[in-house]
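For reference, the structure discussed in these notes is given below.
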Amino acid sequence: MKYISTRGKAPVLNFEEAMLTGLARDGGLYLPEIIPTLSADDIRALNGVSYEEAAFRIMRPYIGDTFTDDEFREIIAKSYAGFGHDSRAPLKELAPSHFLLELFHGPTLAFKDFAMQLIGQLFQAALKRSGERVTIVGATSGDTGSAAIEAFKGLDAVDVFILFPHGRVSEVQRRQMTTPSEANVHALSLTGHFDDCQARVKDMFNDFEFRDGVRLAGVNSINWARVLAQVVYYFTSAVSLGAPDRKVSFTVPTGNFGDIFAGYIARRMGLPIDKLVVATNQNDILHRCLTTGEYRPDGVIPSISPSMDIQVSSNFERALFYAYGQDGGAIAQLMDELKDGGFTVSQGARQALSELFLSGNCSEEETRATIKSTLERSVELICPHSAVGVKVANDLRDPAVPMVTLATAHPAKFPDAVEQATGIRPGLPPRMADLFDKDERVTRVENDLSEIQTLIRERITS
Ligand SMILES: *Cc1c(COP(=O)(O)O)cnc(C)c1O
């Protein structure tokens, strides 16, 4: 399996290289040259197998010869062993024909664990074999960082630096990043927004001298291996609802477009997905783009669903690449226009996107009202991100097609918002009850590339 860049000018890589690299050297994102498909029989045969076995069958074609079957099975087994639910991604019925896919039973209580735990094990296995060391640098609006730190803490061949926006992540998120005591963990609190954190990480990847000097590796949601890990639960949930013999739709609380893009890949692999619904909070650039064709960032407004407070949605580039018929030159040009304020999606590409994607947004008031009404109607306490999904799913779903809304985080990760909406303060699961007693370790940094680069160089050589 070969991997190509969305901007058409970076070297073609194998799975291991694409995984370790993250961002392509032309600024683009890696995608498989060909998307493998599963037959209807292959999909039907996923019914009743364990999550791990399904993960193996779905991801195997993408791995090439990077790992043997036995190695890959072991990697998958280790990745999901720490989850607090046997089925890993259980499905709950919210209302007739509307289901909640609970993706928050991993070690940091958000769906990011599905991909990050796998990436941790993949990196560990690959670096052990090569004897190399890497420096992982990531930006987070809260959940990616905690999931990355949890997955990489204590690993020998890795230093992990996470940039998060100061004062804009929840206390549980922050503590999950600042309380691990392992020396290879570095939590950096940056003065600015998530988009600033993400921009500095991109700058570091585009500074080749720095990138090669510290052997930079990326685990943000642009990393192909993360998208791949997320493809699995689209299959397992759809199969349990009758796929491939019945169509299923999904609503996905969306920020960086990584999770929903995994749904796009699942569909290209043969899963009969009817609609993929993009659910945004008040930071609704994706909803505006899908309805008007105009992609113009206009500043982040902090919300109670902070993991979706994003205006530059990195993985959308991958969807655009396919919508533009895999024309890397066209994508490179759009991304140049984005630097000058934004771009307009062509008529043909809009048409291609609208065949599969629907979109909607959800205000702060509607988010709180949905947390409350979901508790009253279905006895489910949901986090604000999941509530954005439930609200938009209710607006747009076709009653004839089962709808699966992704519950992306545990309510206890956002207790203030949930308490404000319902009067109930959700408690952490017992296995992490000591989070508030541990000491925090964090470094404040300005939104300044060279300051951050100097700090990273110093930390990894000491
Ligand atoms: C990251 C995150 C999202 C957004 O996912 P993307 O892949 O960035 O679109 C939604 N909800 C929660 C809880 C998250 O952590």
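Note that the numbering runs from 1 along the sequence shown for the chain.
Between the side chains of N361 and T280, not a single donor N or O lies within less than 3.5 Å of an accepting N or O. For the 3.5 Å distance criterion, the side chains of T191 and N447 fail to qualify, holding no donor opposite an acceptor. With no hydrogens or angles considered, a side-chain donor-acceptor pair links N256 and S314 at under 3.5 Å. Side-chain N/O atoms of N223 and R226 include no donor and acceptor closer than 3.5 Å. R444 and H166 share a donor-acceptor pair across their side chains, judged by distance under 3.5 Å alone. Side-chain contact annotation: Q176 with K413, donor-acceptor N/O pair under 3.5 Å present. In the model, E317 has a side-chain atom that pairs as donor or acceptor with a side-chain atom of T6 under 3.5 Å. In this model, a donor atom of one side chain and an acceptor atom of the other lie less than 3.5 Å apart for T344 and E294. For the residue pair D143/Q173, the side-chain donor-acceptor check at 3.5 Å is satisfied.
Smallest separation of non-hydrogen atoms from S305 and S303: N-OG, 3.0 Å. Scanning all heavy atoms of the two residues, the minimum distance from S386 to P253 falls at CA-CG, 4.2 Å.
Counting heavy atoms from C-beta on, the side chains of L276 and L358 never come closer than 4.5 Å. Taking the side chain as every heavy atom from C-beta outward, L46 and R57 approach each other to under 4.5 Å. By the 4.5 Å heavy-atom criterion applied to side chains, L163 and R200 are counted as neighbours. Inter-residue side-chain proximity for L320 and L353 is flagged as met; some heavy-atom pair is nearer than 4.5 Å. The side-chain heavy atoms of V134 and L127, taken from C-beta on, include a pair separated by under 4.5 Å. Residues R441 and T179 have side chains not in contact (no heavy-atom distance under 4.5 Å, counting atoms from C-beta outward). A 4.5 Å side-chain heavy-atom check between T254 and D259 finds every atom pair outside the cut-off. When side chains are defined from C-beta on, I4 does not count as touching Y30, because their heavy atoms never get closer than 4.5 Å.
A cation-pi geometry, defined here as NZ or CZ lying under 6.0 Å from the six-membered ring centre and within 45° of its normal, does not hold between R296 and F343. Annotation: cation-pi geometry satisfied between R268 and Y322 (NZ/CZ under 6.0 angstrom from ring centroid, within 45° of ring axis). Remark: R73 is positioned above the aromatic ring of F56, its terminal NZ or CZ atom under 6.0 angstrom from the ring centre and at most 45 degrees off the axis.
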Q) Checking side-chain contact (heavy atoms from CB on, under 4.5 Å) for the pair D203/V201: CA distance, chi angles, key distance, verdict? A) CA-CA 5 Å; D203 290 345; V201 170; over 6 Å; no
Q: In sequence, state the C-alpha distance, the side-chain angles, and the governing distance for Y3 and V12, and then conclude on side-chain contact (heavy atoms from CB on, under 4.5 Å).
A: CA-CA 6 Å; Y3 289 85; V12 172; 6.0 Å; no
Q: Start with the C-alpha gap between C383 and H410, add the side-chain angles, then the distance that decides, and say whether side-chain contact (heavy atoms from CB on, under 4.5 Å) holds.
A: CA-CA 6 Å; C383 90; H410 193 288; over 6 Å; no
Q: Begin with the C-alpha distance, continue with both residues' side-chain angles, and end with the deciding distance and a verdict on side-chain contact (heavy atoms from CB on, under 4.5 Å) for V232 and Y51.
A: CA-CA 8 Å; V232 175; Y51 186 87; 3.5 Å; yes
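Not a single donor-acceptor pair under 3.5 Å links the side chain of S170 to the backbone N or O of F414. The backbone N or O of L23 sits nowhere less than 3.5 Å from a side-chain atom of T21 that would complete a donor-acceptor pair. Without hydrogens or angle criteria, R7 side chain to G27 main chain gives a donor-acceptor distance under 3.5 Å. Using modelled atom types, one side-chain atom of N184 and one backbone atom of L155 make a donor-acceptor pair closer than 3.5 Å. One N or O on the side chain of T140 and one on the backbone of T144 form a donor-acceptor pair closer than 3.5 Å. Side-chain atoms of D448 come within 3.5 Å of backbone N or O of E451 as a donor-acceptor pair. Judged purely by atom type and a 3.5 angstrom limit, S313 has no side-chain atom pairing as donor or acceptor with the backbone of F316. Between the R267 side chain and the I273 main chain, a donor and an acceptor come within less than 3.5 Å of each other. Side-chain atoms of D113 do not come within 3.5 Å of backbone N or O of A147 as any donor-acceptor pair.
Using cut-offs of 30° and 60° on the angle between ring planes, the pair F114 and F83 is perpendicular. Between F152 and F123, the ring planes are perpendicular. Angles over 60° get that label, and only those under 30° would be called parallel.
Under a 4.0 Å N-O distance rule, the pair K247/D274 qualifies as a salt bridge. The pair R288-D298 meets the salt-bridge criterion, with a side-chain N (NZ, NE, NH1 or NH2) lying under 4.0 Å from an Asp/Glu carboxylate O. Using a 4.0 Å cut-off between charged side-chain N and carboxylate O, R215 and E132 make a salt bridge. Between E150 and K112 there is no salt bridge, since no side-chain N of the basic residue sits under 4.0 Å from a carboxylate O of the acidic one. Salt-bridge annotation for D41 and R44: present, with a side-chain N of the basic residue lying under 4.0 Å from a carboxylate O of the acidic one. Taking a cutoff of 4.0 Å between a charged side-chain nitrogen and a carboxylate oxygen, D159 and R459 do not qualify as a salt bridge.
Shown are L20, T66, I75, L228; of these, the side-chain contact (heavy atoms from CB on, under 4.5 Å) with L122 is made only by I75. Among the candidates Y264, F357, Y295, the single residue satisfying the ring pair (Phe, Tyr, Trp, His ring centres under 6.0 Å) test with F257 is F357.
Centroid-to-centroid, the aromatic rings of F15 and Y62 stay 6.0 Å apart or farther.
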